[in-house]
Protein chains: 2
Amino acid sequence: MARTTGSDGEKTEAAVREAAVNLIARFGYEAMSMRQLAAEVGVQAAALYRYFPTKEELLFTLMREHMEGLATAWEAARPADADSAQLLSAYVRNHIAFHIERRHATHVSNMELRSLSPERLTQILRMRTAYEKELRAILRDGDETGAFSIDDTGLTAMALIQMMTGVIVWFRPGERLSIAEVTATYLSMTMRLVGGKIDGREEKNVHEHAQLRA
Amino acid sequence: MARTTGSDGEKTEAAVREAAVNLIARFGYEAMSMRQLAAEVGVQAAALYRYFPTKEELLFTLMREHMEGLATAWEAARPADADSAQLLSAYVRNHIAFHIERRHATHVSNMELRSLSPERLTQILRMRTAYEKELRAILRDGDETGAFSIDDTGLTAMALIQMMTGVIVWFRPGERLSIAEVTATYLSMTMRLVGGKIDGREEKNVHEHAQLRA
DNA sequence: GAATTAATTGAACGTTCGTTTTATTGTTGC
DNA sequence: GCAACAATAAAACGAACGTTCAATTAATTC
């Protein structure tokens, strides 16, 4: 047999991407076989090669588009005229929302970096670094203007990223906490971490302020 | 050929463990082949099966001993008579020291859980949960006695664990910061996160206090 | 120094892997 | 309705995988 009735390239490619993200997130890139992926899509393994030349290229595509999506989401979410606290707030909100929404893709992008060739690894890491650089800039600005009080902006940025991204490890939709509640608590913790102050009010008010906006 | 001069079972097994931790941390469990591991040790692949019946058993052994080591280290580091701040301080110090010292083993224990059979996965997760439970208890006690001021102890515990364990992602010995400096900053950030207070002094002093002890 | 045990080699087993090739069929444009 | 094209199936490729087995030699025991 050959072409099946109703087959459509675009639909198949989309199905491959989605199945690949789920399988890689669950079993890992090396553990997922092309035959397993094909079976999940409902197709023969050879058909996958019409859309992705190699297995690694498939992985790279998934990661690159995930990182591009993250950058795009932040560009859209970043407020134009905002003080440091508002910027940081927007960054945290966007980061948590994006990562909860794409738990599996995030897992893939974080855990399978070692399966990329050096050049592709560099490319992904460059995108990640650029994204993290935005956070460092926000923290540095806020520290210099007195909105924050930070010991080490580099370390604080890394700690914040790890803390926020860590949400996907334990968060499951529909359990004890809603996304809004989780976001509110993480905003509160973020403001504590950076020693945030607003208009001279003390820290506790910052938390309440952050929670109201979440 | 057969047995080689100077061969010693104990030494070979130790060499296998060490090589396995490094290879799995670098390439991943699935990507590491038994032949690759054997070559690293300087032995034929068949020789590995004298010490570990299967590849998965080898992985499980590495993980279990890592978790046992973590529990043992905390038992030894936990102060007998201490208030909440001191307990938390000891927990953070021990956690960071242990994980920096065993970066590769930590990477393996965190990233390769999905390669374990369900029963073995359960066993490792039980050990991890027990360890994290200690932190939650410290946070809850401190919150109830007023030493800390925490919104959600469960979330704060997870955030702290993610933040601290994340050190191994970027920390490299001999770079910008020493272990002591990193620990001091993380202690400071920890006390901020839990809203730590000592004798009614305000938060900033807690940080300085923590840094002096690091 | 012979017998026993410990440690390892080298070859082989069956399976699965990513990928390629070729043929075949559905779909589309004229 | 016929050519051109798109999308797939089916089979096969060599390589690599985890693992087993028999043979062999070093170390130990008595």
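So that the names make sense, note that chain A is the first sequence line, chain B the second, and so on, each numbered from 1. Side-chain atoms are counted along with the backbone in the values below, which use heavy atoms only and exclude waters and symmetry mates.
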Parallel, tilted or perpendicular: which fits the ring planes of B:H95 and B:Y131, with parallel below 30° and perpendicular above 60°? parallel

- Query: Mind checking whether B:Y186 and B:W170 have parallel, tilted or perpendicular rings, split at 30° and 60°?
  - Reply: parallel

With the side chain defined as heavy atoms from C-beta on, A:A45 is closest, among C:dT8, D:dT8, C:dT19, to C:dT19

Rounded to whole Å, CZ of B:R50 lies from C1' of D:dA26 at a distance of 12 Å

A:Q36 atom CD is separated from C:dT16 atom P, nearest whole Å, by 13 Å

Rounded to whole Å, CG of B:L48 lies from P of D:dG18 at a distance of 10 Å

Lys/Arg N to Asp/Glu carboxylate O, B:E144 vs B:R140, below 4.0 Å = no

Rounded to whole Å, OH of A:Y51 lies from P of C:dT20 at a distance of 17 Å

Closest to the side chain of A:R35, out of D:dT8, C:dT8, C:dG18, is C:dG18

- Query: Judged by modelled atom types alone, do B:T185 and A:D152 share a side-chain donor-acceptor pair under 3.5 Å?
  - Reply: no

Ordered by number, residues from residues 52-59 of chain B within less than 4.0 Å of DNA chain D (heavy atoms) are B:T54, B:K55

Output for pair (A:I24 CD1, A:M32 CE), nearest 0.5 Å, gives 4.0 Å

Value for CD1 (A:I138) from CG (A:L160), rounded to nearest 0.5 Å, stands at 10.5 Å

Check the phosphate of C:dT8 against B:Q44, side-chain N and O only, distance under 4.0 Å to OP1 or OP2. Yes or no?
no

Query raised in the report: Without hydrogens or angle criteria, can the side chains of A:T54 and A:E56 be said to hold a donor-acceptor pair below 3.5 Å?
Result: no

* Asked: Is there a side chain to side chain contact (heavy atoms under 4.5 Å, CB included) between A:Y49 and A:M34 once you walk through the steps?
  -> CA-CA 10 Å; A:Y49 289 83; A:M34 295 299 269; 3.7 Å; yes

Within residues 11-33 of chain B, those residues having any heavy atom closer than 4.0 Å to DNA chain D are B:M32, B:S33

**Message:** Strictly below 4.0 Å, N to O, side chains only: are B:R120 and B:E112 in salt-bridge contact?
**Reply:** no

| said: Side-chain N or O of B:Y49 versus OP1/OP2 of C:dT9: is the shortest distance under 4.0 Å? | reply: no

Per atom distances to the A:M34 side chain, the nearest of D:dA11, C:dG18, D:dC21 is C:dG18

